[in-house]
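Down below is the structure, laid out as structure tokens.
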Amino acid sequence: MAKLPILHFPDPRLRTKAKPVSVVDDAIRQLVKDMFETMYEAPGIGLAATQVNHHIRLVVIDITEDKSQPLVFINPEITPLTEDKAPYEEGCLSVPTVYDVVERPTRIKVNALNEQGEAFEMEVDGLLAVCLQHELDHLEGKLFVDYLSTLKRQRIKTKLQKLQKQQA
Ligand code: GNR
Ligand code: NI
């Protein structure tokens with residue numbers, strides 16, 4: 001197992017559109033393991049392959065406190081099940097120290113492949129629905145700060161560039 005480096009906004013690699021996974025093989029399963037280790041250590045409740053510079057359609061999520069429900073989504077597709085939207089204060093491992101409110105549909109259906117390459121379908125709501133939509137955005141090269149005003153996003157960019165210089 002290995003902890004992987006996480007890309008930080010405004011790294012342009014976070015803007016890459018991820019390609020579908022063609023075969024779920026041992027290399028994918030190893031990446032899944034490494035992504036869980038990276039996510040749990042961060043700590044975070046979700047991680048998209050994009051964030052660790054792998055531009056394939058793979059997401060891992062565990063919203064539990066005790067790491068008891070690891071979920072793997074390969075080639076996920078989501079459909080909103082309602083027009084209802086709810087605000088949630090989001091954070092992102094690729095946008096450290098920043099939290100802000102984003103509105104998203106409250107109930108969605110997800111179709112994906114599991115670690116064995118088998119298709120499954122789930123209807124989700126609550127935090128899991130928020131997190132899945134946040135991760136799907138990563139696979140499109142989109143970040144939660146893209147929902148904020150230009151002014152806020154510019155301030156966040158300056159803040160993180162400063163932080164990254166201090167750490168370099
Ligand atoms: O750890 C995370 N917490 C979180 C909180 C609210 C909404 C979304 C998230 S996802 C985030 C981890 C992450 O950056 N995933 O891409
Ligand atoms: Ni994120």
Side-chain angles (χ1 to χ4, degrees), residues 1-21 28 31-78 80 82 84-110 112 115 122-149 152-153 155-157 159-161 163-164 167:
M1 296 250 275
K3 200 176 150 225
L4 306 169
I6 296 177
L7 303 177
H8 288 165
F9 177 72
D11 192 313
R13 292 172 289 183
L14 287 168
R15 298 311 189 174
T16 313
K17 184 172 158 64
K19 296 212 160 71
V21 172
I28 295 289
L31 178 57
V32 166
K33 280 188 189 156
D34 291 344
M35 284 175 61
F36 273 117
E37 183 178 347
T38 304
M39 180 189 83
Y40 285 135
E41 286 205 15
I45 60 170
L47 190 68
T50 308
Q51 293 175 276
V52 290
N53 204 27
H54 285 262
H55 300 289
I56 58 170
R57 304 187 78 81
L58 164 61
V59 162
V60 300
I61 293 180
D62 191 341
I63 61 165
T64 69
E65 299 245 314
D66 58 352
K67 312 181 179 182
S68 61
Q69 252 182 79
L71 299 172
V72 177
F73 300 90
I74 297 167
N75 298 341
E77 311 262 2
I78 57 176
T82 170
D84 292 1
K85 290 189 177 188
Y88 195 90
E89 183 169 76
E90 298 196 14
C92 180
L93 296 173
S94 295
V95 192
T97 76
V98 176
Y99 300 87
D100 214 326
V101 174
V102 177
E103 291 207 4
R104 302 185 190 268
T106 54
R107 275 180 66 75
I108 58 172
K109 184 178 80 174
V110 56
E115 268 184 283
M122 264 170 95
E123 289 188 9
V124 303
D125 60 9
L127 179 57
L128 184 52
V130 171
C131 188
L132 252 174
Q133 292 174 84
H134 174 116
E135 304 311 339
L136 267 283
D137 276 352
H138 277 301
L139 301 183
E140 297 303 312
K142 187 164 182 172
L143 298 167
F144 84 93
V145 297
D146 299 343
Y147 296 95
L148 309 178
S149 68
K152 275 193 177 178
R153 193 163 45 255
R155 284 180 173 154
I156 292 165
K157 185 174 162 186
K159 179 184 180 184
L160 291 190
Q161 282 172 332
L163 264 175
Q164 280 157 45
Q167 283 160 4

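Read the numbers this way: they start at 1 and go in the same order the structure lists the ligands and their atoms.
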Check: Per the side chain to side chain contact (heavy atoms under 4.5 Å, CB included) rule, which among V130, V101, V95 passes with F144?
Finding: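 Passing option: V95.
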Note to self: If you count every heavy atom of other residues, nucleotides or ligands that lies below 6.0 Å from Q164 atom CD, does the total exceed 12?
What the structure shows: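 Enclosed.
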Next item on the list: Please say whether more than 12 non-hydrogen atoms of neighbouring residues, nucleotides or ligands are located less than 6.0 Å from CD in E65.
Entry: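 Not buried by this count: 12 neighbours or fewer within 6.0 Å.
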Notebook entry, point to check: Got a donor-acceptor contact below 3.5 angstrom from the D125 side chain to the T106 backbone?
Noted result: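 Not at all, since once roles are kept as given, no pair shorter than 3.5 Å links the two residues.
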Check: Looking only at atom types and distance, does a side-chain atom of Q51 sit under 3.5 Å from a main-chain N or O of I6, one as donor and one as acceptor?
Finding: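 A pair under 3.5 Å: no.
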Margin query: Holding to ring pair (Phe, Tyr, Trp, His ring centres under 6.0 Å), I want the full list of residues that pass it with F36, two or more places apart in sequence or in another chain.
Written below: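 Listed in chain order: Y40.
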Checklist line | Carboxylate-amine/guanidinium contact R15 D146, below 4.0 Å | finding: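 Result for this pair is yes, salt bridge flagged.
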Item checked: Tally, protein N/O/S atoms nearer to the Ni ion (ligand 2) than 2.8 Å ->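 For the Ni ion (ligand 2), protein nitrogen, oxygen or sulfur atoms under 2.8 Å: 3.
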Notebook entry, point to check: Sequence neighbours excluded, which residues qualify as salt bridge (charged side-chain N to carboxylate O under 4.0 Å, His left out) partners of K17?
Noted result: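 Only E140 meet the salt bridge (charged side-chain N to carboxylate O under 4.0 Å, His left out) criterion with K17.
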Notebook entry, point to check: Going from CG on L136 to NE2 on H138, what distance comes out if it is rounded to the nearest 0.5 angstrom?
Noted result: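 Rounded to the nearest 0.5 Å, the CG-NE2 separation comes out at 10.5 Å.
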N/O pairs closer than 3.5 Å, ligand 1 and protein:
unit_1: ligand 1; atom_1: 1 (O); unit_2: I45; atom_2: N; d: 3.0
unit_1: ligand 1; atom_1: 14 (O); unit_2: Q51; atom_2: NE2; d: 3.3
unit_1: ligand 1; atom_1: 14 (O); unit_2: L93; atom_2: N; d: 2.8
unit_1: ligand 1; atom_1: 15 (N); unit_2: G46; atom_2: O; d: 3.1
unit_1: ligand 1; atom_1: 15 (N); unit_2: E135; atom_2: OE1; d: 3.2
unit_1: ligand 1; atom_1: 15 (N); unit_2: E135; atom_2: OE2; d: 2.7
unit_1: ligand 1; atom_1: 16 (O); unit_2: Q51; atom_2: OE1; d: 2.8
unit_1: ligand 1; atom_1: 16 (O); unit_2: Q51; atom_2: NE2; d: 3.4
unit_1: ligand 1; atom_1: 16 (O); unit_2: H134; atom_2: NE2; d: 3.2
unit_1: ligand 1; atom_1: 16 (O); unit_2: E135; atom_2: OE1; d: 2.7
unit_1: ligand 1; atom_1: 16 (O); unit_2: E135; atom_2: OE2; d: 3.0
unit_1: ligand 1; atom_1: 16 (O); unit_2: H138; atom_2: NE2; d: 2.9

